[in-house]
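Below is one structure, written out as structure tokens, with a few remarks after it.
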Amino acid sequence: MTAHAKTALITGITGQDGGHLAPLLHDKGYNVYGIIRGQSNLKKERLLEEFPYVELIEADLLDPSSIIRAVEQSNPDEFYNLAAISHVGYSFKNPTLTLDTTARGVLNCLEAIRMTGRSDTTRFYQASTSEMYGGLDYNRPGLGYDESSLFHPRSPYGVAKLYGHWIAKNYRESYGIFVSCGILFNHEGERRGVEFVTRKITKAVARIHLGLQDNLELGDLWPKRDWGYAGDYVRGMWQMLQHHEPDDFVLATGEAHSIEEFLTQAFNEVGIDDWSPYVKRSQGLVRPAEVDILLGNPAKAEKTLGWKREVDFRGLVRLMVLHDIADGKTFQRANSVAQIAQPGE
Ligand code: NAP
Ligand code: F7E
């Protein structure tokens, strides 16, 4: 007898991680459902074009009844909650929306599992974050943050995620739901949103290289982050839900680099050693409170799950720059075709 195909429900399918996780699960034979919000048919069309195998359900984390309906419709073996207001800078400007989405939204998902009688059958992944540690330089652990390190969030986003983390653990302890929290350090790649610093840099470097842009504006360059590749990290999410018991796991590379180092590496990829003529500094991009350094210790995930990241810092920067150069060239070609089709006066 063949085992039945598993079913997964993903919130945040339009985001970076959702875009890596959907094909990973599809390749493993899962039926994949994705929650899409809003009324944009364009977003829906784009998703269906890229992932024709995903069943889309219109719902919103802010609307509990819509999440209940999504759970009833998909009847998932695994529920990956990736949706959030995830941009730290944006969370300072929209703290209440961040609270409702990134904190209360987790509760809405857990309640949907409990209220529909699926506490024993649906495994839940919560997208927790290294931002919960706050990364203050003076009290950071020497080997990096691990699952037992103290939390000290430094933004409305970090505070909201901490609620999500604890309510997820509480539903594990109170109702016996298989809930695992991945405390993930920054992970990037070709699907990263352009509002995040790595993608902002690689896109600008590619466009400067192609003559499409003159410079870029950045905030602080000294903070350090532990940057990995998103493709490696979604594999870890899946591994957490296959483990024989629910738990919390840090996923990180164990290496931290400053924004300045990322910038230098990205410009080096296109043969520019001195980036100073191309980079402007903007006080408007500096946050009210900064996270100095995030360095993670992934020893538990490596030992318990056999998880290992494959892409290193240099490889990550390179793949993002090369991707953005290819994107820039497609843009140039499309533009020149448009000019031929519509010659100017
Ligand atoms: P992302 O690209 O910003 O995607 C966020 C997703 O959340 C989008 O699909 C967005 O949908 C959805 N969303 C926002 N508000 C929603 C709502 N009210 N209802 C339903 N969906 C909503 O984030 P990511 O980088 O893929 O990260 C995935 C998760 O991991 C997030 O929870 C993030 O906080 C967490 N995390 C990320 C990192 C990282 O380095 N990437 C590290 C640690 C933790 P729309 O397209 O409709 O806006
Ligand atoms: O900022 C500095 C900024 O927005 C990184 C999210 O996925 O990872 C991400 O949060 C650093 C900060 O990511 C600009 O001040 C300078 O020090 O790329 P970011 P983040 O804040 O680390 C964590 C783990 C998450 O969980 C989050 O969801 O770069 N920085 N200049 C800048 N940052 C941005 N965005 N834009 C700038 O122009």
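Note that ligands are numbered from 1 as they come in the structure, with each ligand's atoms numbered from 1 the same way. Every value quoted in this text rests on a predicted model; they were computed, and no experiment measured them.
Electrostatic pairing of Arg46 and Glu49 does not count as a salt bridge here, judged by no charged N lying under 4.0 Å from a carboxylate O. For Asp220 and Arg287, the salt-bridge test fails: no basic side-chain N is under 4.0 Å from an acidic carboxylate O. With salt bridges taken as basic N to acidic carboxylate O contacts below 4.0 Å, none links Arg140 and Asp292. Salt bridge Glu290/Arg225: present, at least one basic N to carboxylate O contact under 4.0 Å. For the pair Lys308 and Glu302, the salt-bridge criterion is met [side-chain N within less than 4.0 Å of a carboxylate O].
Looking at residues two or more places apart in sequence or on another chain, you find a side-chain contact (heavy atoms from CB on, under 4.5 Å) between Asp312 and Arg309, Arg314.
Annotation: ligand 1 has protein neighbours Gly12, Thr14, Gly15, Gln16, Asp17, Arg37, Lys43, Asp60, Leu61, Leu62, Leu82, Ala83, Ala84, Ser86, Thr101, Ala127, Ser128, Thr129, Tyr157, Lys161, Leu184, Phe185, Asn186, His187, Arg192, each with a heavy atom less than 4.0 angstrom from the ligand. A distance limit of 4.0 angstrom between heavy atoms and ligand 2 selects the residues Ser86, His87, Val88, Thr129, Ser130, Glu131, Tyr157, Asn186, Arg192, Glu195, Phe196, Val197, Lys200, Glu217, Leu218, Gly219, Asp220, Pro223, Arg225, Ile259, Leu285, Arg287, Glu290.
Ring-centre distance between Tyr171 and Phe124: not below the 6.0 Å cut-off.
A salt bridge (charged side-chain N to carboxylate O under 4.0 Å, His left out) check over residues 166-178, counting only residues at least two apart or in different chains, returns the pairs Lys169-Asp248, Arg172-Asp248.
Side chains of Trp275 and Thr264: a donor-acceptor N/O pair is present below 3.5 angstrom, by distance only.
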